[in-house]
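Excluded from the calculations below are hydrogen atoms, water molecules and symmetry mates; all remaining heavy atoms, backbone and side chain alike, are included. Predicted model, so just to flag it, every value in this text is computed and none were measured.
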Amino acid sequence: MKFLTPELVSLSENCHSAEEAIRKAGELLVKNGYVQEQYVENMVESYRKHGAYIVITPRVAIPHALSSEYVITPSISLIQLQKPVTFGHPTNDPVNLIFALAGTSGEEHLRLIQKIVTLLNKPENINRLCNMQSYNELKKIVEGIEER
């Protein structure tokens, strides 16, 4: 499982829509060979079809798709936005952090979500993630949750 490794993180991205943000987060997975391009399209389509349920807490979205045949390696990418975008969630908009999740099975999907939930469990971590300036800051936050 690839979880927020340096090649899967992009800070201070500039996106103008939810779909653009989903695509940018997905492209990190494609560029590094963890998913096929069709998986990104399926994430966007899932958002179009099901809406903003992927905005799980204020400022955080976790786009994903069920099409595991397009997932090569279970992984999670993260993009941090310069300016938040609206996904259409009634209480959790706007979004600053997009974690693109790619699992190969339901069980793998749950393990990936557990890692994100553990990371986001402390509200101060969300603030730290929204304001971080470097990958090293992210690494310290992740190491802090893995030491527990």
Side-chain angles (χ1 to χ4, degrees), residues 1-89 92-120 125-146:
M1 172 189 333
K2 295 290 185 177
F3 180 70
L4 304 179
T5 52
E7 74 277 5
L8 292 177
V9 176
S10 184
L11 304 180
S12 201
E13 284 286 344
N14 192 11
C15 296
H16 301 289
S17 69
E19 287 187 19
E20 183 182 2
I22 292 168
R23 287 184 195 284
K24 279 204 179 178
E27 284 305 313
L28 289 174
L29 299 171
V30 172
K31 185 172 84 173
N32 290 286
Y34 300 134
V35 302
Q36 296 173 16
E37 184 67 42
Q38 186 59 46
Y39 186 79
V40 178
E41 294 307 313
N42 291 356
M43 286 195 302
V44 171
E45 188 57 39
S46 178
Y47 167 69
R48 287 180 185 156
K49 184 176 180 182
H50 302 293
Y53 80 97
I54 59 175
V55 183
I56 60 156
T57 192
R59 302 163 69 180
V60 179
I62 305 178
H64 55 280
L66 296 175
S67 48
S68 62
E69 70 267 23
Y70 301 113
V71 176
I72 299 159
T73 302
S75 47
I76 297 173
S77 66
L78 167 64
I79 65 166
Q80 173 205 60
L81 300 177
Q82 282 181 9
K83 294 180 182 161
V85 297
T86 301
F87 274 67
H89 195 282
N92 293 337
D93 266 344
V95 171
N96 297 81
L97 302 167
I98 296 90
F99 292 89
L101 185 143
T104 53
S105 67
E107 187 178 302
E108 189 66 51
H109 203 79
L110 287 175
R111 275 203 302 271
L112 291 166
I113 289 173
Q114 277 181 311
K115 287 190 82 75
I116 294 172
V117 167
T118 301
L119 178 65
L120 302 176
N125 280 352
I126 294 172
N127 287 330
R128 290 172 68 194
L129 292 168
C130 287
N131 295 308
M132 66 185 165
Q133 302 289 314
S134 71
Y135 180 79
N136 281 338
E137 290 176 63
L138 173 63
K139 190 175 172 185
K140 287 177 187 171
I141 297 167
V142 171
E143 286 170 355
I145 64 160
E146 290 176 344

**Complete:** Heavy-atom closest pair (Leu112 atom, Pro74 atom, distance to 0.1 Å) is CD1-CB, 4.4 Å
**Item:** Lys/Arg N to Asp/Glu carboxylate O, Glu107 vs Arg111, below 4.0 Å
**Value:** yes
**Complete:** Of all heavy-atom pairs linking Ala21 and Val85, the shortest is CB-CG2, 4.5 Å
**Message:** To the closest 0.5 Å, what do you measure between CG (Leu4) and OH (Tyr135)?
**Reply:** 7.0 Å
**Message:** Could you report the tightest heavy-atom contact between Ala25 and Ala100, atom names first, then the distance?
**Reply:** CB-CB, 3.7 Å
**Message:** Between Thr5 and Glu7, do the side chains contain a donor N or O and an acceptor N or O under 3.5 Å apart?
**Reply:** yes
**Asp93 side chain vs Gly88 backbone, donor-acceptor pair below 3.5 Å** = yes
**Request:** Indicate, with yes or no, if the rings of Tyr34 and Tyr39 have centres closer together than 6.0 Å.
**Result:** no
**Prompt:** Do Arg59 and Asn127 pass the side chain to side chain contact (heavy atoms under 4.5 Å, CB included) test, and can you show the C-alpha distance, the side-chain angles, and the key distance before you say yes or no?
**Reply:** CA-CA 9 Å; Arg59 302 163 69 180; Asn127 287 330; 2.7 Å; yes
**Request:** For the residue pair Val40 and Tyr70, establish whether any side-chain heavy-atom pair is separated by less than 4.5 Å.
**Result:** no
**Asked** Do any N or O atoms from the side chain of Glu20 and from the backbone of His16 form a donor-acceptor pair under 3.5 angstrom?
**Response** yes
**Message:** Could you go through Ile98 and Leu78, starting from their C-alpha distance and side-chain angles, then the distance that decides it, and tell me whether this counts as side chain to side chain contact (heavy atoms under 4.5 Å, CB included)?
**Reply:** CA-CA 6 Å; Ile98 296 90; Leu78 167 64; 5.8 Å; no
**Asked** Can you check whether Ile116 reaches Leu101 side chain to side chain, under 4.5 Å on heavy atoms?
**Response** yes
**Asked** Rounded to the nearest 0.5 Å, how far apart are CG of Leu97 and CG of Leu120?
**Response** 7.5 Å
**Message:** I want to check something: taking the side chain as every heavy atom from C-beta on, are Glu69 and Gln36 in contact at a cut-off of under 4.5 Å?
**Reply:** no
**Asked** Any side-chain heavy atom of Arg128 within less than 4.5 Å of one from Met132?
**Response** no
**Asked** Less than 4.5 Å apart, any side-chain heavy atom of Pro58 and any of Asn92?
**Response** yes
**Prompt:** Pick from Lys24, Gln82, Lys83, Gln80: which one makes a side chain to side chain donor-acceptor pair (under 3.5 Å) with Glu13?
**Reply:** Lys24
**Asked** Distance from Ile22 atom CD1 to Ile54 atom CD1, nearest 0.5 Å?
**Response** 4.0 Å
**Prompt:** Hey, mind stepping through Ile72 and Thr104 against side chain to side chain contact (heavy atoms under 4.5 Å, CB included) and telling me if it holds?
**Reply:** CA-CA 8 Å; Ile72 299 159; Thr104 53; over 6 Å; no
**Prompt:** How close do Thr57 and Ile126 get, heavy atom to heavy atom, and via which atoms?
**Reply:** CG2-CD1, 3.9 Å
**Rounded distance (nearest 0.5 Å) linking atom OG of Ser10 with atom CG of Leu28** = 5.5 Å
**Message:** For Tyr53 and Ser46: C-alpha separation, side-chain torsions, deciding distance, then whether side chain to side chain contact (heavy atoms under 4.5 Å, CB included) applies.
**Reply:** CA-CA 10 Å; Tyr53 80 97; Ser46 178; 3.9 Å; yes
**Message:** Between Ser77 and Val9, is there a side-chain heavy-atom distance shorter than 4.5 Å?
**Reply:** no
**Spacing of Asn136 atom CG and Ile141 atom CD1 [to the nearest 0.5 Å]** = 11.0 Å
**Message:** For a 4.5 angstrom cut-off between non-hydrogen side-chain atoms, does Leu8 reach Phe3?
**Reply:** no
**Point-to-point distance, once rounded to the nearest 0.5 Å, from CD1 of Ile76 to CG of Leu29** = 9.5 Å
